[in-house]
2 protein chains.
Amino acid sequence: MSEATRILVVDDDPRIRTVVRRGLAYEGYRVVEAASGEEGLEKAREHLPALVVLDIMMPGIDGLEVTRRLRSAGDEVAILMLTARDEVKDRVVGLETGADDYLVKPFSFEELLARVHALLRRKAAPAGEVLRFADLELDVDAREAHRGGRTIELTTTEFNLLLLFMRHPRKVLTRDVIMEHVWAYDFEGESNVLEVYVRYLRGKIEADGESRLIHTVRGAGYVLKE
Amino acid sequence: MSEATRILVVDDDPRIRTVVRRGLAYEGYRVVEAASGEEGLEKAREHLPALVVLDIMMPGIDGLEVTRRLRSAGDEVAILMLTARDEVKDRVVGLETGADDYLVKPFSFEELLARVHALLRRKAAPAGEVLRFADLELDVDAREAHRGGRTIELTTTEFNLLLLFMRHPRKVLTRDVIMEHVWAYDFEGESNVLEVYVRYLRGKIEADGESRLIHTVRGAGYVLKE
DNA sequence: GGATCGTCTCAGCGCGTTCTAAGGTTCGTT
DNA sequence: AACGAACCTTAGAACGCGCTGAGACGATCC
């Protein structure tokens, strides 16, 4: 993506959060923090991170429950679980619940970074990935789309935008979220680039009499749905 | 692959060896066992495995030393290290020594299998002698290409670049990826070597009225496709 | 020492991509 | 129905990416 990958760090221990935040920020990631499971779920919805570093042991909603809720909401975000105890059971339960990998505390930052890289490579850009929605396909490797038997070439911005939609189908994406992900704008600078690019995309993927896929939600943003 | 992938399991604990051997054999791998570091080095030389599952704690030559010797002998085999103690230092030293990944004992077989798969995917080095794409052939041994009945001589850099494309057809390779693979740059300074070499390649493999094979993807990189 | 080959730098330019801006259209609210 | 806000559409300006040709530099061979 044009902008730095977002990572959400959920841990009730502020020291862990700080270490992880600083290290990942130094590596060029955009880091969002949450001090509890509740806050984690909220921030995940708000920022659409590519990966969540999630402590398993937390008061209130613990890491396992956060994972369960994210997954049952259809969120496929990469989850790296931090387990305090070194017990097979914990790790297995974590993976069964829907986490993608785990790391046993205490860990060095280098270990965390290695797992983060591996996960992002595996999850965010798996080889041969083809995203599908309705009769629309997005070939991530080739950076091209397919619909109605034709191949659709996309520019970088068009691709990034469509990728965001395809990764969050049926979910209303607000203007702010889209702008942050595709254009890296922190600030609304009064621009209609987004509308222009939605039009470009529609022109390419909704040719002729094909059904509309990118719908406008007035006052909110856009959704990918039938 | 024409033959089953070979995996060498080095551990002084026969129970571990048995569990791992049975599981991996069930998955279709050819498993070779060794009960000590010395035997491990010997079997590695003899069988040229694609991956070594290596216990770190062994009497005599331990896992770290085995790794060191393999690496200093130029062996790039994938190494998955088994560490008994859950101490950061052990794991980090293991990775620094040249291991590719580690697993903390006790582990479930599923965990082991996941790591083995990931490692093989990452490290696998397909040594095809002649790569083909469309009407273009790349003879890896002779380091020359063929198209339209003629033989195309390539310089080292041209060959490496074309090899990368041929190994990832129809996949957009970003500038960074190409630079890392072909030039091993940390890309500090801006350079357009890549563009220059793409031009050289195009000049050689897309002579006259032949169709374009290396396509530019503006803002991203290049793709090999029809 | 000269010639050839391979690698890489540099600067100018063309053109695709991105974005702005202005006017038009639709929608929701009253 | 009327109004303003939100969104759509279009054209074209501005930007910068990638292409190109020339040549500097070092290595190798004669």
Side-chain angles (χ1 to χ4, degrees), chain A residues 1-3 143-145 152-165 172-208 212-225, chain B residues 143-145 151-165 172-208 212-225:
Chain A
M1 233 166 278
S2 64
E3 202 215 343
R143 285 182 169 244
E144 60 188 24
I152 303 167
E153 310 237 333
L154 301 167
T155 69
T156 308
T157 308
E158 289 165 0
F159 174 78
N160 288 335
L161 181 56
L162 183 55
L163 183 61
L164 184 64
F165 278 119
V172 175
L173 304 178
T174 65
R175 247 153 226 296
D176 292 351
V177 166
I178 299 175
M179 289 306 279
E180 278 178 25
H181 273 78
V182 180
W183 280 270
Y185 282 2
D186 274 337
F187 217 81
E188 275 304 309
E190 290 292 315
S191 162
N192 72 333
V193 223
L194 173 53
E195 280 135 303
V196 172
Y197 271 86
V198 165
R199 171 156 166 70
Y200 288 163
L201 266 186
R202 282 173 173 163
K204 287 189 176 184
I205 69 175
E206 298 167 1
D208 307 324
R212 169 141 293 195
L213 289 177
I214 299 176
H215 298 258
T216 304
V217 183
R218 213 154 218 269
Y222 296 90
V223 214
L224 180 70
K225 69 172 184 181
Chain B
R143 300 205 148 218
E144 60 187 26
T151 294
I152 302 167
E153 310 239 330
L154 299 168
T155 70
T156 309
T157 308
E158 288 165 359
F159 173 78
N160 288 336
L161 182 56
L162 183 54
L163 181 61
L164 184 64
F165 278 120
V172 174
L173 303 176
T174 65
R175 264 190 170 48
D176 292 354
V177 166
I178 299 175
M179 290 306 278
E180 278 174 23
H181 273 78
V182 179
W183 279 270
Y185 272 14
D186 279 336
F187 54 101
E188 275 306 316
E190 299 281 313
S191 163
N192 74 331
V193 223
L194 173 53
E195 280 135 302
V196 172
Y197 271 86
V198 165
R199 177 164 157 66
Y200 289 163
L201 267 186
R202 282 173 173 164
K204 288 188 177 184
I205 69 175
E206 299 167 2
D208 305 324
R212 168 141 294 193
L213 289 177
I214 300 176
H215 298 257
T216 304
V217 183
R218 228 159 206 266
Y222 296 90
V223 215
L224 180 71
K225 69 173 184 180

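Hydrogens, waters and symmetry mates are skipped; everything else that's a heavy atom, side chains included, is used. All chains are named by letter (A, B, ...) in the order of the sequence lines, taking the proteins before the strands, and each is independently numbered beginning at 1. Just so we're clear, the structure is a prediction, and the values are computed from it rather than from any experiment.
- Of the two residues contacting DNA chain C, namely B:Leu154 and A:Asn192, the nearest-nucleotide position lying further toward the 5' end is that of B:Leu154.
- Looking at heavy atoms from C-beta onward, B:Trp183 lies in side-chain contact with B:Thr157 at the 4.5 angstrom threshold.
- Closest of all the heavy-atom pairs between A:Leu162 and A:Ala145 is CD2-CB, 4.2 Å.
- Note: CE (B:Met179) to P (D:dG18) measures 13 Å, nearest angstrom.
- Regarding B:Ile178, its CD1 atom lies at a distance of 16 Å from the P atom of D:dC17, rounded to whole Å.
- Taking side-chain N and O atoms only, A:Thr216 has no distance below 4.0 Å to OP1 or OP2 of D:dC7.
- If you measure from atom OH of A:Tyr222 to atom C1' of D:dA6, you get 9 Å, rounded to the nearest angstrom.
- Heavy-atom nearest nucleotides on DNA chain C were determined for B:Thr157 and for A:Thr157, and the one closer to the 5' end corresponds to B:Thr157.
- In this structure, B:Glu195 places its CD atom 10 Å from P of D:dT20, rounding to the nearest Å.
- Across the protein-nucleic acid pair, A:Leu194 atom CG and D:dC8 atom P stand 9 Å apart, rounded to whole Å.
- For A:Glu158 and C:dC19, the CD to C1' distance is 13 Å, given to the nearest whole Å.
- Remark: C1' of C:dT17 and CG of A:Asn160 are 13 Å apart, rounded to the nearest angstrom.
- Of all heavy-atom pairs between A:Met179 and A:Leu194, the closest is SD-CB, 4.0 Å.
- When the side-chain nitrogen and oxygen atoms of A:Trp183 are compared with OP1 and OP2 of C:dC19, one or more of them lie within a distance under 4.0 Å.
- Between the CG atom of B:Asp176 and the P atom of D:dC17 there is a distance of 13 Å, given to the nearest Å.
- Of the side-chain N and O atoms in B:Thr155, none sit less than 4.0 angstrom from OP1 or OP2 of C:dC5.
- For A:Tyr200 and A:Arg218, each mapped to the nucleotide of DNA chain D holding its nearest heavy atom, the one lying further toward the 5' end belongs to A:Arg218.
- In terms of heavy-atom proximity, A:Ile178 sits nearest to A:Phe165 at CD1-CZ, 4.1 Å.
- Neither OP1 nor OP2 of D:dC7 sits under 4.0 Å from any side-chain N or O of A:Tyr197.
- OP1 or OP2 of C:dT9 lies within a sub-4.0 Å distance of a side-chain N or O belonging to B:Ser191.
- The residue among A:Gly219 and B:Arg175 whose nearest nucleotide of DNA chain D is located toward the 5' end is A:Gly219.
- The residue from B:Thr156, B:Leu154, B:Thr155 that alone fulfils the side chain to side chain contact (heavy atoms under 4.5 Å, CB included) condition with B:Arg143 is B:Thr156.
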